[in-house]
Amino acid sequence: MAKLSLKKLTKSYGKVEVLHGIDLEVDDGEFVVFVGPSGCGKSTSLRMIAGLEEITSGEIWIGGRKVNDLEPKDRDIAMVFQNYAIYPHMSVRKNIAFGLWNAPLSKAEKAARIEEVARILDMSELLERKPSQLSGGQRQRVAIGRAMVRNPAVFLFDEPLSNLDAQLRTQMRLEIKKLHQQVGNTIIFVTHDQVEAMTLADRIVIMKDGHIQQVGTPEDVFHAPANTFVAQFIGAPSMNMLNVTGAGDEISLSSGIKMQPGRQTQTGQPLLLGVRPDDLSVDDQNPIVTGKVVVREPLGSETLIYVSGPQGEIVAKVPGKSGVKVGDEVKLGATPEALHFFDTETGDALV
Amino acid sequence: MTAVSDTSELPSVKAETVLSARSRKPANLGQILRWLLLFLGGLLMIAPITYMISTSLKWPHEIYNVNLIPEEPTIENYTYVLEDGRFYLWFVNSIIIAVITTVSNLFFDSLVGYTLCKFRFPGRYIVFIAILSTLMIPTEMLVIPWYMMSQSFGWLDSYWGIMFPGLMTAFGTFLMKQFFESVPDDFLEAARIDGLNEFQIWWKIAMPLVKPALAALAIFVFLGNWTAFLWPLIVTNSVEMYTVPVGLSGFGDEVDVAWELIMTGAAISTLPTLVVFLIFQRFIIRGVVMAGLKG
Amino acid sequence: MSAYKRLSIRQKQIVWAWLFLAIPTLFYGLIRFYPTGTAFVISFQDWNLLGERTWTGLSNYQKLWNDPVFWKVFRNTFAYLIIGTPVSLVISFVIAYHLDKTRFMHGFLRMLYFLPFMTSAVAMAWVWRWFYQPVPIGLFNNFLASAGIPQIAFLNSTTNALPAVLAPAVWAGLGFQVIIFMAGLRAIPGSYYEAAKIDGVGWWTVLTRITLPLLKPTIVFIVVFSSIGFLRIFDHVFNMTTNNPGGPLNATKPLVLMIYETAFSSFDMGYAAAQTVVLFLILLLVSLLQLWILKGDNS
Amino acid sequence: MSRYMKRMALSGLTALATLFGSSAMAVEIEYWQYFFDARVDAMEQLIEKFEEANPDITVKMTHFPYADYRTKVAAAIPAGEGPDVVQLFYGWLNDYIEAGLIQPLPQDAFDPAVIDAEFFPMVQAMKRDGSYYALPTAVRSLALFYNTRLFDEAGIENPPATLDELVETAKKLAKVDGAGNLTQVGITTGMTAQDHHWWREVLVRQFGGDPYSDDYKTVNYTGDAGLDALNFYVGLEKDHKVTQSGFMDEPQAAFKGGRAGMHIDGSFRIGSLNKVRGLKWGVAELPAGPDGTKSNYSSYWVNGITTKAEGEKYDAAVKFLQYLTSDEAMQLWLDVVGELPAKPSVGLIEENASDPTFGPFIKGLEYANTTKFANESAQRQAMVDMVARIDIEGQDPAESLAAAAAEEQKVLDEYYKK
């Protein structure tokens with residue numbers, strides 16, 4: 001178990017730089033999730049940590065060792081692939097045993113390790129099967145088992161749940177989390193699914209276009225997004241964004257409404273006001289948005305309403321029993337703490 | 001194939017699905033007709049082979065008669081060919097040569113095909129085109145340089161001399177390259193992380209995944225070497241080193257060819273290839289199925 | 001070893017790649033390219049195989065250009081390609097398509113179709129030659145004669161001989177193509193067919209809109225290799241026409257047979273080498289063209 | 001087990017003996033010929049006798065399938081492999097001399113004057129600049145084979161003696177079915193077999209011509225004689241309808257199958273005809289021409305000493321070749337292989353000349369000619385194409401003849417220009 005640090009890590013394919021200097025410190029035993037849209041560089045970073053991709057510049061340190069030029073097998077890591085990469089011609093036992101290829105263990109010790117891992121993953125009875133006789137979830141478990149048996153300093157997961165159906169995904173997510181709590185290794189987990197990121201991570205690394213946008217706990221990135229990208233990427237439905245203009249301790253919305261955000265703004269400064277659908281309440285005393293409900297999506301305990309007004313369309317999450325109907329005029333407001341302000345130009349959050 | 005007992009646990013085994021998806025309804029008239037036509041077609045396909053066997057059972061004076069059943073069937077030709085002690089030697093020579101060449105091709109063609117498919121290195125495209133271009137030169141043009149080479153290295157009239165030109169083929173390399181395309185890189189990377197070196201990755205992971213293609217290649221190479229004629233003829237000096245086709249050509253001379261003996265020899269020498277085919281054919285079908293299942 | 005450890009991932013890949021290629025490179029260099037290079041050199045020389053080689057510049061190529069036999073042979077070679085490839089493609093597909101839908105004694109039927117691929121070309125050429133003879137020994141003409149139809153001169157004809165010689169070549173190669181096609185057919189996921197069944201489309205539409213497009217890689221593979229095969233056709237032609245190699249008035253002579261005769265009957269190695277170079281260029285051109293099409297297919 | 005096994009065991013023993021025995025001092029020379037049971041048998045007997053007489057010399061024979069014997073020799077020689085004494089077809093001699101592969105036979109052992117006098121005259125084709133380069137043990141000639149059963153059926157008493165009789169006899173022998181398809185031919189034809197020799201050296205001469213002039217460097221059959229000969233030949237099929245080119249694939253197959261009354265072929269056919277059960281046949285001299293001219297064609301395989309043989313091997317090779325061209329060897333070759341002795345003194349002894357089978361061939365040798373080929377297969381092809389153009393494309397014989405002559409002349413020019 002060890003710390004992992006990335007220092008000014010870059011990656012270029014020919015003349016095209018796709019990763020622009022990533023700096024990150026991961027603590028021992030931490031569960032870090034890389035999240036971002038496809039092409040953001042998260043998988044590339046992971047593969048560079050694994051040693052499958054060459055490092056263009058920068059350094060990677062695992063457990064106090066610079067591993068830039070080490071073979072994957074010498075980096076003290078294990079990896080779980082998106083499509084599991086379970087060898088179809090070998091039994092589950094052999095697949096798991098492959099994780100111990102280079103381990104300086106006796107046959108008996110290896111066998112014991114395999115049994116142990118199978119027990120933890122609850123698949124002792126599957127050991128003699130071939131992968132083609134396993135369900136998707138079981139295959140996933142084998143892939144994890146193969147990684148676990150190595151007992152590495154760092155676990156690397158490359159979108160391991162994306163091939164599973166929704167129900168199984170939730171279930172496996174839980175299992176991975178439990179597993180982490182049980183074994184306590186450092187985990188780097190790559191996904192494009194923000195829910196997965198939120199539910200699993202100790203810390204989330206949000207990436208876009210080869211840059212880290214923000215690093216923080218799920219609460220941090222949800223409640224204090226560093227910029228509009230993070231704000232909109234994390235949370236579902238996405239954060240509503242409104243164009244506003246600053247005027248001292250007051251701002252004016254395009255709808256003409258004026259309100260006090262509880263902070264100072266420069267007069268005439270164009271700003272983006274972000275507010276999460278969850279933070280909006282109907283019939284607020286100090287509405288920031290008014291409009292007609294055009295679409296209603298009941299989710300059971302909550303209902304999403306899409307409100308169209310002079311400021312455009314925004315979405316709000318209201319209690320399931322609120323009784324708002326399509327066509328209703330609603331006034332939506334939020335507490336000042338729930339409002340986020342961003343620079344229109346840079347998209348950075350204004351603190 | 002052993003049946004999978006617990007079919008409820010088979011959500012995504014596509015190959016099986018494909019096979020069982022094909023109609024397994026009770027036969028209707030159309031299917032019976034289809035079967036009959038295919039059977040007739042098959043009989044037409046083997047008609048020349050039937051005549052080969054028929055001729056091998058005829059006396060020389062009868063071989064030009066059209067009748068399929070010999071008037072006086074005889075196994076004299078078989079006795080003659082098989083009693084000729086040399087035939088066994090040729091047979092053994094041919095088997096040794098075909099087997100070793102096949103193994104060599106399976107090894108090297110896949111190694112090169114794999115390298116060309118899965119590695120990125122300077123010169124890769126040139127190597128591929130260069131190897132492919134060797135398909136373009138007919139053997140007839142190469143035998144003289146080969147002979148001179150064999151002579152200066154002392155390979156004449158030896159197994160090695162007969163085998164060396166066929167130890168690797170561009171056809172096999174290309175075939176294997178195509179099949180390795182369908183092996184996902186993840187498998188190889190997983191093995192890399194597990195600590196296998198590149199050779200082990202190829203041998204332990206990639207090769208088993210293309211087993212069926214290897215079977216197809218095996219049949220192909222075996223057949224090719226079993227029937228090779230020109231080079232074995234040129235490179236051998238002694239009757240004891242002949243292969244079956246070279247030996248059989250001795251049944252013809254300046255003015256005459258003993259066709260009934262050629263037919264007999266051909267009939268006998270088809271047997272090993274038939275065995276090889278029967279052993280490997282099921283892998284071919286299965287193999288390409290797996291390869292075709294790529295993403 | 002430590003030097004190796006200092007290499008980057010990419011450099012290690014290069015090291016491994018060339019390590020794997022080391023023996024094959026040596027092999028191809030020595031056993032294929034060196035003789036090929038020799039052939040190119042000899043094409044500019046005069047050599048009767050037994051005596052000295054003398055430089056003659058381009059005269060072998062000039063001779064080739066002015067040789068009516070060469071142009072006849074050139075046309076024949078392309079005739080084999082242009083007739084043989086599509087015919088064998090269509091027949092083998094039809095057989096494979098129906099064989100694929102047949103379960104009863106499937107393995108046996110498949111073997112019937114594959115058997116010709118395994119039998120000696122020399123023996124089979126004789127049987128076919130014999131089938132083609134006129135009355136009283138020719139099987140085909142006996143049928144015709146008993147039906148009161150005039151005989152057909154199959155081999156002793158300048159027009160019929162080429163297709164007659166091509167037929168056994170197609171016949172012998174059919175089994176291999178059928179197997180490849182069946183493998184390709186098996187690889188098409190059944191769900192496509194199920195979807196089509198639900199949509200209620202006819203078999204023709206299924207064939208042309210689903211089966212054939214999805215079979216494209218298989219078809220391309222077969223086309224590439226059967227083209228090379230037909231451009232290099234030799235065994236069947238040679239054995240079918242041993243007493244008059246290349247048929248009456250060169251009606252069936254392909255380029256490889258001309259090369260063989262020039263080299264080993266006339267011992268004009270320089271001229272044979274020039275023909276080889278031409279064949280090489282044709283084959284390379286055709287193959288690269290097809291590979292190019294294959295590539296365009298993938299993107 | 002079989003005689004081959006014995007033969008192999010024997011050769012293995014001999015090899016061992018050579019390795020360990022006192023005969024390690026012996027000179028070993030290598031001999032190559034093409035593989036044919038009777039030839040190999042005969043040669044083995046000759047070698048055995050030779051080695052008996054010359055205990056200090058061993059001869060190692062290697063043989064290859066006929067189909068590619070020439071290719072094989074051609075591949076081996078440039079690489080410096082090969083025999084000390086080699087058997088080659090007489091038509092290849094020029095190539096071998098030009099390439100410096102064989103050396104002239106020493107005049108003291110093979111006096112040209114003696115050979116001129118003792119051998120059949122056509123052997124002189126092996127002489128260059130006053131020296132012989134190779135000599136045959138045996139020679140072959142053509143004759144007319146006829147099926148005695150079919151002759152009896154058709155009520156024919158004697159084989160035809162002239163070309164006119166040939167046509168008449170053939171007419172009686174030919175049979176057609178209801179549809180007019182030939183089911184039995186009077187005489188076989190096929191330029192691809194022996195007919196090109198018959199046409200060139202026999203028919204052209206019999207119609208008053210000379211196929212070549214200038215020591216076979218110039219084609220000379222374009223005149224009337226050539227045209228008459230050609231018209232006669234194609235007339236057999238076109239006018240008289242007594243034959244069909246390529247009937248039953250190959251002429252000898254038709255004759256062996258009992259579906260041909262007559263067949264012109266070489267003496268080398270005797271052996272294989274003897275093996276056909278139930279076939280009764282006779283041999284006659286080739287029919288004479290319109291003016292009674294007799295002619296025949298002779299070919300032969302010769303043995304030469306390669307340039308590889310030097311020193312004691314050369315001496316041994318000379319001795320071996322002397323033995324191969326001795327009277328004893330010739331008679332043995334005739335008995336075992338059925339090929340005719342190359343010397344009249346052996347061949348024309350009463351016993352051989354009156355032999356019902358060998359007789360007509362041996363008599364033919366007296367007036368036989370030998371074509372000096374520059375490129376046998378190319379020159380044969382010219383003949384084959386000449387007839388094919390008339391048969392298949394309906395070309396006028398005169399035109400086809402001219403085209404064939406031009407084609408063949410090109411082959412000759414190309415060869416002799418060097």
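What you are looking at is a predicted structure, and each value in this text was computed from that prediction instead of being measured. So that the names make sense, note that chain A is the first sequence line, chain B the second, and so on, each numbered from 1.
- Of the two parts of C/Y28, only the side chain, counted from C-beta on, holds a non-hydrogen atom closer than 4.5 Å to a non-hydrogen atom of chain B.
- Heavy atoms closer than 4.5 Å to chain B are found in both the backbone and the side chain of C/A17.
- Heavy-atom distances place the side chain of B/V127, and not its backbone, under 4.5 Å from chain C.
- Screening C/K101, C/H98, C/H106, C/R110 for a side-chain contact (heavy atoms from CB on, under 4.5 Å) involving B/L38 leaves a single residue, C/H98.
- Of the listed residues (B/L44, B/L230, B/N197, B/L43), the one with the most heavy-atom contacts under 4.5 Å to chain C is B/N197.
- Residues B/F164 and C/L30 fail the side-chain proximity criterion, which asks for heavy atoms closer than 4.5 Å.
- Neither the backbone nor the side chain of B/P245 has a heavy atom closer than 4.5 Å to any heavy atom of chain C.
- Once rounded to the nearest 0.5 Å, the distance linking CD1 of B/I268 with OG of C/S120 reads 12.0 Å.
- Between chain C and the residues B/I131, B/T270, B/V112, B/I129, the largest count of heavy-atom pairs under 4.5 Å involves B/I131.
- When the candidates B/P145, B/P165, B/A47 are compared by the number of heavy-atom contacts under 4.5 Å with chain C, B/P165 comes out ahead.
- For B/L278, the part lying near chain C is the side chain, with the backbone staying farther off; criterion is any non-hydrogen pair under 4.5 Å.
- At most 12 non-hydrogen atoms from other residues, nucleotides or ligands lie less than 6.0 angstrom from CZ of C/F143.
- Between atom CD1 of residue C/I228 and atom CG of residue B/L132 there is a gap of 6.0 Å, rounded to the nearest 0.5 Å.
- Contact annotation for B/R120: both backbone and side-chain heavy atoms come within less than 4.5 Å of a heavy atom of chain C.
- Neither the backbone nor the side chain of B/I201 comes within less than 4.5 Å of any heavy atom in chain C.
- Residues C/T102 and B/Q31 fail the side-chain proximity criterion, which asks for heavy atoms closer than 4.5 Å.
- Distance check, rounded to the nearest 0.5 Å: CD1 of B/I46 to CG of C/L112 gives 5.0 Å.
- Between B/W35 and C/F104, the angle of the ring planes lies from 30° to 60°, which puts this pair in the tilted group.
- Comparing C/Q133, C/Q275, C/M124, C/M105 by how many heavy-atom pairs each has under 4.5 Å with chain B, the most go to C/M124.
- In C/I23, the CD1 atom is not crowded: 12 or fewer heavy atoms of neighbouring residues, nucleotides or ligands sit closer than 6.0 Å.
- With a 4.5 angstrom heavy-atom cutoff, B/F128 touches chain C only via side-chain atoms.
- When the candidates C/F225, C/W171, C/F27, C/W126 are compared by the number of heavy-atom contacts under 4.5 Å with chain B, C/W126 comes out ahead.
- Shown here for C/P35 and B/L142, the closest heavy-atom pair between the two residues is CB-CD2, 3.4 Å.
- Ranked by heavy-atom pairs under 4.5 Å with chain C, the first of B/F220, B/F108, B/W202 is B/F220.
- The backbone N or O of C/W16 sits nowhere less than 3.5 Å from a side-chain atom of B/E198 that would complete a donor-acceptor pair.
- Here C/Y113 pairs with nothing under the side-chain hydrogen bond (donor to acceptor under 3.5 Å, both in side chains) rule; sequence neighbours left out.
- Ranked by heavy-atom pairs under 4.5 Å with chain C, the list B/S133, B/G265, B/A266 is led by B/S133.
- At a 4.5 Å heavy-atom cutoff, the contact between C/L109 and chain B is made by side-chain atoms alone.
- One N or O on the side chain of C/R232 and one on the backbone of B/L135 form a donor-acceptor pair closer than 3.5 Å.
- The parts of C/F117 that come within reach of chain B are both its backbone and its side chain, each placing non-hydrogen atoms under 4.5 angstrom from that chain.
- For chain B, no part of C/L281 is nearby; none of its heavy atoms comes within less than 4.5 Å.
- No side-chain heavy atom of B/W259 sits under 4.5 Å from any side-chain heavy atom of C/W130.
- Atom CE of B/M136 is separated from atom CG of C/L284 by 5.5 Å, given to the nearest 0.5 angstrom.
- Two residues are said to be in side-chain contact when any heavy atoms from C-beta on lie closer than 4.5 Å; B/M263 and C/V127 meet this criterion.
- Contact record, B/M141 with C/A39: CG-CB, 4.1 Å, taken as the closest heavy-atom pair.
- By number of non-hydrogen pairs under 4.5 angstrom with chain B, the leading residue of C/V256, C/L99, C/L21, C/T38 is C/L21.
- Looking at every heavy atom in both residues, B/F277 comes nearest to C/M111 through CE2-CG, 4.1 Å.
- With a threshold of 4.5 angstrom between heavy atoms, C/I259 approaches chain B through side-chain atoms but not through N, CA, C or O.
- Most heavy-atom pairs under 4.5 Å with chain C, from the set B/F39, B/Y114, B/F171: that is B/F171.
- Contacts of B/S104 with chain C are absent, with no heavy-atom separation under 4.5 Å from either backbone or side chain.
- Residue C/T36 touches chain B through both its backbone and its side chain, counting heavy-atom pairs closer than 4.5 Å.
- Of the listed residues (C/F234, C/W18, C/W128), the one with the most heavy-atom contacts under 4.5 Å to chain B is C/W18.
- To the nearest 0.5 Å, atom OH of residue C/Y34 and atom CE of residue B/M149 are 6.5 Å apart.
- Residue C/I137 touches chain B through both its backbone and its side chain, counting heavy-atom pairs closer than 4.5 Å.
- Taking a 6.0 Å sphere around CG of B/L33, one finds it holds more than 12 heavy atoms contributed by other residues, nucleotides or ligands.
- Interatomic distance, C/R32 CZ to B/T134 OG1, rounded to the nearest 0.5 Å: 5.5 Å.
- Neither the backbone nor the side chain of B/A267 comes within contact range of chain C, judged by heavy atoms closer than 4.5 Å.
- Looking at B/S269, neither its backbone nor its side chain comes within 4.5 Å of chain C, counting heavy atoms on both sides.
- Looking at C/L115 and B/L274, their side chains come closer than 4.5 Å, going by heavy atoms from C-beta outward.
- In this structure, the side chains of B/I137 and C/T276 come closer than 4.5 Å at one or more pairs of heavy atoms.
- Closest approach of C/A123 and B/M52 over heavy atoms only: CB-SD, 4.3 Å.
- Using a 4.5 Å cut-off between heavy atoms, C/A273 contacts chain B through both its backbone and its side chain.
- Heavy-atom distances place no part of C/P168 under 4.5 Å from chain B, backbone and side chain included.
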